[in-house]
S.K.: 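What follows is a single structure, and I will ask about it in a moment.
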2 protein chains.
Amino acid sequence: MKLPVPGSPVRGSQSGQPIMALFDLLGRSWAMGILWNLNEDALNFRQLQQKCESVSPGVLNTRLKELRQAFLITRSEDGYVLTETGRSLFSLLQPLGKWSLEWAQQFKTDHA
Amino acid sequence: MKLPVPGSPVRGSQSGQPIMALFDLLGRSWAMGILWNLNEDALNFRQLQQKCESVSPGVLNTRLKELRQAFLITRSEDGYVLTETGRSLFSLLQPLGKWSLEWAQQFKTDHA
DNA sequence: TAGCTTTGCTATTAAATTAATAGCAATGAA
DNA sequence: TTCATTGCTATTAATTTAATAGCAAAGCTA
């Protein structure tokens with residue numbers, strides 16, 4: 001799967017607007033989940049796979065390559081870790097955690 | 001496609017953690033793009049389709065249904081609009097716009 | 001040094017999602 | 001009554017994801 005690079009057309013988007021490239025990258029399966037799980041500490045391949053509820057190794061490996069090429073994660077002695085860029089992105093995603101809890105309430109209240 | 005509901009297992013996630021349900025929902029093609037484009041003003045189906053660079057009507061329709069069921073958008077006289085919940089989510093996504101511009105710089109600098 | 005374990009994957013196939021395209025029914029204006 | 005617009009549905013093809021098996025390399029351990 002082609003890496004979505006800002007400035008070039010990406011999946012579904014000819015414009016290459018950085019935000020669309022980002023949405024493409026983050027929209028791929030487990031991309032945000034990986035960033036989420038790497039936040040706390042470094043994890044090796046199999047640890048990460050477990051944290052991500054047995055994501056298939058093929059998908060995990062593809063996603064890891066993409067996220068590395070996108071400067072969001074890197075490998076350290078201890079395993080995969082967020083880069084500084086990755087951490088700065090994570091800090092923007094983090095509020096979604098709390099938001100999702102309130103959102104979850106609506107499903108109970110509005111019984112959709 | 002099954003709507004990811006917090007509290008129930010979702011695509012790739014057995015846990016049903018709200019954040020994982022949210023990642024599933026937002027990770028589907030054009031989901032974030034639709035929220036992004038509906039921010040400014042109400043758009044009808046074909047306008048939205050154009051804004052989303054000719055996303056196919058099938059995908060657009062599927063996504064609109066899901067986002068409606070997830071309380072994020074609704075239909076008004078003027079077309080599709082964000083709900084209050086949708087706007088609160090958008091406010092969290094909004095910073096990604098600026099972030100993505102800085103991120104785009106890295107691709108130039110680091111020539112990846 | 002011959003096994004055994006762990007790790008990081010690759011390969012294969014099947015299932016699910018997305019994309020591309022045509023076109024239709026309903027509404028409204030001319 | 002015709003024509004244009006709108007909001008889709010239907011169909012098929014292409015792409016992505018999931019599920020599973022298993023292998024090569026590295027590091028113990030006996």
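Computed from a predicted structure; not experimentally measured. Throughout, a chain's letter reflects where its sequence line sits, starting with A, and its residues are numbered from 1. The figures that follow rest on heavy atoms only: side chains count, while hydrogens, waters and symmetry mates do not.
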S.K.: Only pairs at least two apart or in different chains count here, so list each salt bridge (charged side-chain N to carboxylate O under 4.0 Å, His left out) that has a residue in residues 74-89 of chain B.
M.R.: none
S.K.: Between atom CD in Glu53(B) and atom C1' in dT18(C), what is the gap in whole Å?
M.R.: 16 Å
S.K.: Taking CG from Leu60(A) and P from dT20(D), how many angstroms apart are they, rounded to a whole number?
M.R.: 17 Å
S.K.: Between C1' on dT7(C) and CG on Asp78(A), what's the gap in Å once rounded to a whole number?
M.R.: 15 Å
S.K.: Nearest whole Å is fine: how far is dA18(D) P from Trp30(A) CH2?
M.R.: 9 Å
S.K.: To the nearest Å, how far apart are Leu43(A) CG and dT7(C) P?
M.R.: 12 Å
S.K.: Please list all pairs meeting ring-ring contact (aromatic ring centres under 6.0 Å, His included) that have one or both residues in residues 32-55 of chain A, counting only residues at least two apart or in different chains.
M.R.: Trp36(A)-Phe90(A), Trp36(A)-Phe23(B)
S.K.: Check side chain to side chain donor-acceptor pair (under 3.5 Å) between Thr85(A) and all other residues, then give those that pass, not counting sequence neighbours.
M.R.: Gln106(B)
S.K.: If you assign Ser56(A) and Lys2(A) each to the DNA chain D nucleotide with the nearest heavy atom, which residue ends up on the more 5' nucleotide?
M.R.: Lys2(A)
S.K.: Rounded to the nearest angstrom, tell me the gap between atom CG in Leu25(A) and atom C1' in dT16(D).
M.R.: 15 Å
S.K.: Please give, in whole Å, the distance from dG27(D) C1' to Glu77(A) CD?
M.R.: 16 Å
S.K.: May I ask you to decide if Val55(B)'s main-chain N or O and Gln49(B)'s side chain share a donor-acceptor pair within less than 3.5 Å?
M.R.: yes
S.K.: Side-chain N or O of Ser29(B) less than 4.0 angstrom from OP1 or OP2 on dA19(C)?
M.R.: yes
S.K.: Listed by chain and number, what are the side chain to side chain donor-acceptor pair (under 3.5 Å) partners of Trp103(B), not counting sequence neighbours?
M.R.: none
S.K.: Could I get a table of every N or O pair under 3.5 Å where one atom is in the protein and the other is in nucleotides 6-11 of chain D?
M.R.:
residue	atom	partner	partner atom	Å
dG7(D)	OP2	Asn44(B)	OD1	3.3
dG7(D)	OP2	Phe45(B)	N	2.8
dG7(D)	OP2	Arg46(B)	N	3.3
dG7(D)	N7	Arg46(B)	NE	3.0
dG7(D)	N7	Arg46(B)	NH2	2.7
dG7(D)	O6	Arg46(B)	NH2	2.4
dC8(D)	OP2	Arg75(B)	NH1	3.2
dC8(D)	OP2	Tyr80(B)	OH	2.4
dT9(D)	OP2	Asn61(B)	ND2	2.2

S.K.: Residues two or more places apart in sequence or in another chain: which of them pass side chain to side chain donor-acceptor pair (under 3.5 Å) with Arg68(B)?
M.R.: none
